[in-house]
Each structure stands twice: as C-alpha cells, then as structure tokens.
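Numbering starts at 1 and runs along the sequence shown.
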Amino acid sequence: MKFFIDTANLAQIKEAHDLGILDGVTTNPSLMAKEGIKGHAAIMDHYKAICEITDGPVSAEVFGTTFEEIVEEGKVLAAIHDNIVVKVPMIKDGIKAIKWFSDNGIQTNCTLVFSAGQAILAAKAGASFVSPFIGRIDDSSWDGVQLIEQIVNIYNSQGFMTEVLAASIRNPLHIVRCAEAGADVCTCPLSSILGLLKHPLTDLGLEQFLKDAKTMAH
Ligand code: E4P
C-alpha cells in the first residue's frame, strides 16, 4: 500500500518525505486555505513547491463545477508539473471531465466518493484514483473501511485499473484496516502516520536495552 500525506503544509510534507515512506500528496481547497494561500499565482507556486519535495503524485483540486470549468482549470493544473493529478469532485460534469482527462493523458483523482456506485462510475470514466472518504462515513455511523473493501472487490473482479485511495483517515487504526482491506493508497495526516510508530512495549523494551547497554560501556 502506498502512503500519501493529506496536507498542503510544506513542513509536514517534508517531514514525511524525510522519513523515507512518502509516495505522494493529496490536497483539497480546505487544506490549501488553511495554509493561508491566496490568489492564482500563490496557488500555482504552492503546488510547484510541493512537487519539488516529493517525487510522487500530487493531487490538486479544481474549484469549478461545470465540464468546461473543470477541463480548463485541470489543464492549467496539469501543466504545473508531470506529477500533478487533477482532483475532480464526484458530480455529473466531473465524470464527463474525468473521461476527457483520461482520453487526453491527464491523471485524475475522483474525490468526495461515498458509495460503491460512485466508485464504479469514476472507474468507468477512467479515473486514475478514486477517493472514498472513510472518516466522514464513520462520522455518520457507517463503516468507512467496509466501503473500501467493497470497492476493492468490485475493481478486482471487474478488472478496473483505477487505484483505490482511502481518504479522510482519522487515526493509525484506519491505516491498518485499509491495508487489510486491500486499498492501493492511504492518504493520511502526519499524526496518523506517526501514530503507527507507537507501542508502549517498544518504549519499555528500549528503556531496558539502553540501561543494559550502559552496564557494558566499561
Ligand atoms: C482527500 O483527498 C481529502 O483531502 C481528505 O482526506 C478529507 O479528509 P477530512 O474528512 O479529514 O477532511
């Protein structure tokens, strides 16, 4: 399973990259706004800066909602860097645009996916990635990971090439369960990635090893 970081914060992207486990980055308008980015030029520069840190795919989301707007914006975003993946919302014009991008060699990530039916449509249109939001599904008392499992099974049995990108990750257990469910990619906040490191027995064991190591120092 590939690890993407779900943030537009350059310091966090660099920290995950320096850990050696980062395969890509996802952003969305809320994450970009959180970084205080304002205006077209600043948005373009920020995506460039992200692409300079990571070698993997970088999802950049369109703001438009009509086919024409999505295609125009997507072409501009895709021209920033070869690694840009145009992130398109799961709406009727979004599906049309994903098909256009796919026919024209531009990678896409179909976002705001909450059902298997939506995931089938995204794959049929030729999306490179599909992003089911598992945390938001859990927030409304459904099991988000079950949806990942269902989409993985459908894509495998139907031979769809679209990668299942588990999004809206809230904690390390989500990452473990998405790996079990066969997700191709998990996009996570840095806190959830670092949370995978933690186990009290590791801390206790290391404390003892370091104590014993000291006794051998002289
Ligand atoms: C995915 O691509 C989205 O950017 C993100 O995972 C949404 O997460 P949230 O539900 O925590 O906002």
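- L31 and V86 end up in different hydrophobic clusters when Ile, Leu, Val, Met, Phe, Trp and Tyr side chains are linked at under 4.5 Å.
- Note that CD of E180 is 13.0 Å distant from CD1 of I175, once rounded to the nearest 0.5 Å.
- Closest of all the heavy-atom pairs between A97 and I70 is CB-CG2, 3.5 Å.
- Across all their heavy atoms, P189 and D6 have their closest contact at N-CB, 4.3 Å.
- The closest side-chain heavy-atom distance from T187 to S131 is not below 4.5 Å.
- Contact of the I84 side chain with the H81 side chain is registered, since non-hydrogen atoms from C-beta on lie closer than 4.5 Å.
- Checked options V25, V58, T26; the residue passing with F4 is T26 (criterion: side-chain contact (heavy atoms from CB on, under 4.5 Å)).
- The minimum heavy-atom distance linking T162 with A123 is given by the pair OG1-CA, 3.3 Å.
- F101 and F160 fall within the same hydrophobic cluster, where Ile, Leu, Val, Met, Phe, Trp and Tyr residues are linked whenever their side-chain heavy atoms come under 4.5 Å apart, directly or through other members.
- Sorted by first and then second residue, the salt bridge (Lys or Arg N to Asp or Glu O under 4.0 Å) pairs with a member in residues 15-26 read K14-D18; sequence neighbours excluded.
- Summarising the geometry, atom OG belonging to S115 is positioned 8.0 Å from atom CD1 belonging to I120; distances are rounded to the nearest 0.5 Å.
- Summarising the geometry, atom SG belonging to C186 is positioned 6.5 Å from atom CZ belonging to F3; distances are rounded to the nearest 0.5 Å.
- In terms of hydrophobic clustering, with Ile, Leu, Val, Met, Phe, Trp and Tyr side chains grouped at heavy-atom distances under 4.5 Å, L147 and V130 are assigned to a common cluster.
- A119 and I151 get closest at one heavy-atom pair: CB-CD1, 3.6 Å.
- Within the structure, side chain to side chain donor-acceptor pair (under 3.5 Å) pairs that include any residue of residues 38-63 comprise S59-N109 (at least two apart or interchain).
- The backbone N or O of E68 sits nowhere less than 3.5 Å from a side-chain atom of E72 that would complete a donor-acceptor pair.
- Pairs engaging residues 150-171 under the salt bridge (Lys or Arg N to Asp or Glu O under 4.0 Å) rule: K2-E163, D139-R170 [sequence neighbours left out].
- Under the 4.5 Å side-chain heavy-atom criterion for grouping Ile, Leu, Val, Met, Phe, Trp and Tyr, L165 is not connected to I21 through any hydrophobic cluster.
- Residues passing the side chain to side chain contact (heavy atoms under 4.5 Å, CB included) test with N104 are W100, sequence neighbours excluded.
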Evaluate D93 against T66 for side chain to side chain donor-acceptor pair (under 3.5 Å), listing each step before the verdict. CA-CA 6 Å; D93 280 41; T66 66; 5.1 Å; no
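- Using a 4.5 Å heavy-atom threshold, the side chains of V164 and I148 count as touching.
- A donor atom on one side chain and an acceptor atom on the other are not found under 3.5 Å apart for N171 and S192.
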The test is side-chain contact (heavy atoms from CB on, under 4.5 Å); show your working for R177 and I134 and say whether it passes. CA-CA 11 Å; R177 291 193 61 217; I134 71 165; over 6 Å; no
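- Judged purely by atom type and a 3.5 angstrom limit, K87 has no side-chain atom pairing as donor or acceptor with the backbone of V62.
- Q12 pairs by the side chain to side chain contact (heavy atoms under 4.5 Å, CB included) definition with I5, T7, N9, L190, not counting sequence neighbours.
- Between the side chain of S128 and the backbone N or O of T108, at least one donor-acceptor pair lies under 3.5 Å.
- In this structure, G135 and H174 approach most closely via the heavy-atom pair CA-CE1, 4.1 Å.
- Residue T111 holds its OG1 atom at 10.0 Å from CE of M90, rounded to the nearest 0.5 Å.
- At least one side-chain heavy atom of I80 sits less than 4.5 Å from a side-chain heavy atom of M44.
- A pairwise comparison of heavy atoms in I98 and C110 identifies CD1-CB, 3.6 Å as the closest pair.
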How far apart are the C-alpha atoms of I13 and L22, what are their side-chain angles, what is the distance that settles it, and do they pass the side-chain contact (heavy atoms from CB on, under 4.5 Å) test? CA-CA 8 Å; I13 295 169; L22 191 66; 4.2 Å; yes
Without placing hydrogens or testing angles, list every side-chain donor-acceptor pair under 3.5 Å for residues 197-208, not counting sequence neighbours.
from : atom 1 : to   : atom 2 : distance (Å)
H199 : ND1    : L201 : N      : 3.1
Q208 : NE2    : D212 : OD1    : 3.2
Q208 : NE2    : D212 : OD2    : 3.4

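- Here the straight-line distance linking atom CZ of F63 with atom CG of L77 works out to 8.0 Å at 0.5 Å rounding.
- Note that the CG atom of L10 and the CD atom of E35 stand 7.0 Å from one another [nearest 0.5 Å].
- Hydrophobic clustering (side-chain heavy atoms under 4.5 Å, transitive across Ile, Leu, Val, Met, Phe, Trp, Tyr) keeps V145 apart from F129.
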